Amino acid sequence: MRALFPSSIKPPFARYSHGIALPEGHRFVFTSGQLGISADEKVPGECEAQADLCFANIAAILAEDGMTLAHVVRLNAYVTAREYMQGYMRSRDKQFPGTPPASTLMIVSGFVRAEFFVEIEAIAAAPQG
């Protein structure tokens, strides 16, 4: 994947790519939004830990098709308040030490249960094989 950073527009506000270009011949996985809940239904009380669980869930989904988080080309993330943005971004930045994916972060009024602070969905791509 190749990150796109046009010099004619403002650089990203944080550690993400404005765009990602892929060569021809890739397959895609689109995940549903993942919440910060473990298989035993535990929900951490802080945003970064919830985001870590979201990414672990995304990694498990991608593994079903032979991919890892390194294949993620696009993220959409939603937090319920501005104070949760930094926790989400710390978690995101830990997950993507190389080329960061294209990314959108939105503040929303809430999720299905009040204890959730963050929801993350991903698009991943890997060569056809």
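This structure is a prediction, so every number in the text was calculated from the model and none was measured.
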Is the backbone of [Y] close enough, under 3.5 Å, to the side chain of [X] for a donor and an acceptor to pair up by distance?
X: R2; Y: P23; result: no
X: T31; Y: A122; result: yes
X: Q50; Y: F117; result: yes
X: Q128; Y: G25; result: no
X: R74; Y: P101; result: no
X: S17; Y: P100; result: yes
X: H71; Y: L62; result: no
X: Q34; Y: S32; result: yes

Apart from Y16 itself, residues in the same hydrophobic cluster as defined by side-chain heavy atoms under 4.5 Å: F13
Value rounded to 0.5 Å, distance of CD1 in I58 from CD1 in I120: 5.5 Å
Do you know the tightest heavy-atom contact between [X] and [Y]?
X: V118; Y: A51; result: CG1-N, 3.7 Å
X: P44; Y: A49; result: CB-CB, 3.5 Å
X: T99; Y: A3; result: CG2-CB, 3.7 Å
X: S91; Y: D52; result: OG-OD1, 2.6 Å

Y78 vs E121, side chain to side chain donor-acceptor pair (under 3.5 Å): CA-CA, chis, key distance, verdict: CA-CA 9 Å; Y78 313 89; E121 56 190 33; 3.2 Å; yes
same_hphob_cluster(L4, V73) at 4.5 Å side-chain heavy-atom cutoff: no
Aromatic contact, F96 with F55 (centres under 6.0 Å): yes
Q95 and V72: CA distance, side-chain angles, deciding distance, side chain to side chain contact (heavy atoms under 4.5 Å, CB included) verdict: CA-CA 10 Å; Q95 311 302 322; V72 171; over 6 Å; no
Matching residue for F116 among L35, V79, T80 - test: side chain to side chain contact (heavy atoms under 4.5 Å, CB included): L35
Which residues share a salt bridge (Lys or Arg N to Asp or Glu O under 4.0 Å) with K42, sequence neighbours left out: D40
